[in-house]
Number of protein chains: 2
Amino acid sequence: MPNTSSFTTSKLSQCEHKLNTVIHGDCIEVLKTFPQDTFDLIFVDPPYYLQLPKGKRLKRADGSEIIPVDDKWDKFKNYEEFDQFTLNWLTECQRVLKPTGTLWVIGMYHNIFRVGKIMQDLGIWFLNDVIWVKLGALPNLNGRRFTNNHETLIWAVKNKYCKSYTFNYELLKEINNGKQMKDTDWLFPICTGNERLRDGNGIKVHTTQKPLSLIKRVVLTASNKGDLILDPFLGTGTTAVAAQGLGRKWIGIEKEKKYVEIAKKRINMAN
Amino acid sequence: MPNTSSFTTSKLSQCEHKLNTVIHGDCIEVLKTFPQDTFDLIFVDPPYYLQLPKGKRLKRADGSEIIPVDDKWDKFKNYEEFDQFTLNWLTECQRVLKPTGTLWVIGMYHNIFRVGKIMQDLGIWFLNDVIWVKLGALPNLNGRRFTNNHETLIWAVKNKYCKSYTFNYELLKEINNGKQMKDTDWLFPICTGNERLRDGNGIKVHTTQKPLSLIKRVVLTASNKGDLILDPFLGTGTTAVAAQGLGRKWIGIEKEKKYVEIAKKRINMAN
DNA sequence: GCAAGGCATGAATCTACAT
DNA sequence: GATGTAGATTCATGCCTTG
């Protein structure tokens, strides 16, 4: 079972949240309740602001439809609104990140450049941009672009003076057959099959569920057992499952009640 | 020999520049002399603003020094100055790009996120972000980060309404053994060996010379024979050599007299 | 039990042309 | 720089059924 005792370590005793729980609420409001310099690792999978063409559905040759990301949590009026939202959560993430901790943000070309620039403007210092090569990604169905076959993870520290951040270099080298791990050595299948959470009708519960293998690599790279991990957009709980399984403590924040319920159930099942 | 006749086609007759020549001058000032909607393909390899630690030189195990990018053209006071510079050349590139043309910008995590956001703010519309996987890249020498093993190319059109841009989909598919080309299928060796331009003392002439193979793929992807290509930061002329060799017309702009001379010599040699 | 084949599906800013 | 309609287009993977 998850450890749900209240914080006892220094920083954490300053707030009333419990370890290894999903907090249902607005990400930015909840983040403000944490003391600064609290988390060893923050993994963020924010909305991508996809801007799909309206009212059109892409179809396969057999007539079946591609289910797009058309969720209300991915809608913004314009770039300005998106940027302000991004600035708000990034400001809080930077504040609650330990000087020895690292921040990971995943995104695609729709959003990652904007997010990256806002990070740099806040003084967040980049270590790498890691390419998750998506095995089994959807091809480009109209033959008008290249296959979108990757997502980008920005790996960063609180500011440019943070030098003693956690990085399990030797472990990663070992995973990579004794060779130094590259920012392009991140090949993982997309989340499908039995791993993909589905409702009673076989419909996927979350449009953008990430593969556990990817999040595990992040956790192994940049945290140690007993460290505290935060995911401010927990969704259906993949980060929590990865953290729990690898002996890390964690806190997740999620706004959608539906996802919170599913995440809780899933985390209990995994124990 | 290069075709140095004056422009005869519609747009190009409006200015006095000649085809297939290197223009020595400030990129933004020269760009302003071109009429709008002029170029079929614009390839941009701008300064990366690397912000190296001052006065330190990384050394290999044998004691030899790594020569960093420490050129004056890569220096900026701060992000603000860099952003303004970026906005200036991007504004002009967008203006002179044909509605059927595409714009390519290459960069690394130091600059590409800022550049990408500024592009989006101008209404430039992304098609893909392509990952050049660098074969033979320098490993991370102190084991504190992942190997920097890629650069990112943003591929974009003038605005979101540009649909009939040039994309040689079938050719790229053929190059890729009959499978749709992916944004992660761009594996090319870094520019070394005989391809790397060196002075009489064996010192590399340009710190960031790009491999011809990479630029050729860009040219093949997004232009046809006879099309007009622009490189506003020509450097030592790789884009010109690629364009010339593939039967495209081209214009290059370069501020550093040293690079202009070398590029001219190199282009003549290649003919 | 095992192999082969059918079938479903995945963060999608996926077109061209006419009005 | 809006709206509508017809029409062209794809690859890898995992699960399940069939033989």
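Throughout, protein chains are lettered first and strands after them, A, B, ... in sequence-line order, and every chain is numbered starting at 1.
Few gaps surround CD on A:Glu65; more than 12 heavy atoms of other groups in view lie less than 6.0 Å from it. For A:Lys75, the NZ atom is densely surrounded, since the number of other residues' heavy atoms within 6.0 Å is greater than 12.
Regarding B:Tyr165, its OH atom lies at a distance of 12 Å from the C1' atom of C:dA16, rounded to whole Å. With rounding to whole Å, A:Asn194 atom CG is found 15 Å from C:dG10 atom C1'. When rounded to the nearest whole Å, the span between NZ of B:Lys163 and C1' of C:dT15 equals 8 Å. For the pair A:Ile66 CD1 and C:dA8 P, the computed distance is 13 Å after rounding to whole Å. Counting to the nearest Å, the P atom of C:dT9 and the CG atom of A:Asn201 are 12 Å from each other.
As rounded to the nearest Å, D:dT9 and C:dT9 have P atoms that lie 24 Å from one another. Separating the P atom of D:dG7 from that of C:dT19 is a span of 15 Å, rounded to the nearest Å. If you take atom P in D:dC15 and the same atom in C:dA11, they sit 15 Å apart, rounded to whole Å. Taking atom P in both C:dG1 and D:dC16, one finds a spacing of 16 Å when rounded to whole Å. Nucleotides D:dA8 and C:dG10 are separated by 26 Å at their P atoms, to the nearest Å.
At the heavy-atom level, A:Pro189 lies nowhere under 4.0 Å from the strands shown. Using a 4.0 Å heavy-atom criterion, one finds that A:Pro46 contacts the bases of the nucleic acid, with or without backbone contacts as well. Within the nucleic acid shown, A:Arg144 comes within 4.0 Å of sugar-phosphate atoms alone, with no base atom in reach, counting heavy atoms only. If you check every strand for non-hydrogen atoms under 4.0 Å, A:Glu65 touches nothing.
Protein chain B contacts DNA chain D from D:dG1 to D:dA12, reading 5' to 3' and using non-hydrogen atoms of the protein with a distance under 4.0 Å.
Heavy-atom minimum distance, B:Gln94 versus B:Lys158: O-NZ, 2.7 Å. Residues B:Ala156 and B:Met119 come closest through the heavy atom pair CB-CE, 4.1 Å. Of all non-hydrogen atoms in B:Pro189 and B:Ser213, the two that sit nearest each other are CD-OG, 4.5 Å.
Relative to the six-membered ring of B:Tyr165, A:Arg145 misses at least one condition, a distance below 6.0 Å or an angle of at most 45° to the axis. Taking the ring axis of B:Tyr79 as reference, the NZ or CZ atom of B:Arg114 stays within 45° of it and closer than 6.0 Å to the ring centre.
Nearer to the 5' terminus of DNA chain D, by closest-nucleotide assignment, is the contact made by A:Arg60 (compared with the other of A:Arg60 and A:Glu195). Mapping A:Lys204 and A:Tyr79 onto DNA chain C by nearest heavy atom places A:Lys204 at the nucleotide closer to the 5' end. Heavy-atom nearest nucleotides on DNA chain C were determined for A:Leu58 and for A:Asp74, and the one closer to the 5' end corresponds to A:Asp74. Of the two residues near DNA chain D, A:Leu141 and B:Lys182, the one whose nearest nucleotide lies more 5' is A:Leu141.
Paired regions of DNA chain D, where each region holds three or more successive Watson-Crick or G-U pairs whose two hydrogen-bonding distances fall under 3.5 Å, are C:2-10 with D:11-19, C:15-19 with D:2-6.
A:Lys134 has no side-chain polar atom (N or O) that falls below the 4.0 Å cut-off from OP1 or OP2 of C:dG10.
The side chain of A:Trp73 has C:dA11 as its nearest neighbour among C:dA12, C:dG10, C:dA11.
Between A:Phe146 and B:Trp155, the ring planes lie tilted relative to each other; the angle falls in the 30° to 60° range. Taking the six-membered ring where the residue is Trp, B:Phe82 and B:Phe85 present tilted rings, their angle falling between 30° and 60°.
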Let me see the working for A:Leu220 and A:Arg217 under side chain to side chain contact (heavy atoms under 4.5 Å, CB included), right down to the final yes or no. CA-CA 5 Å; A:Leu220 288 171; A:Arg217 162 101 37 114; 5.8 Å; no
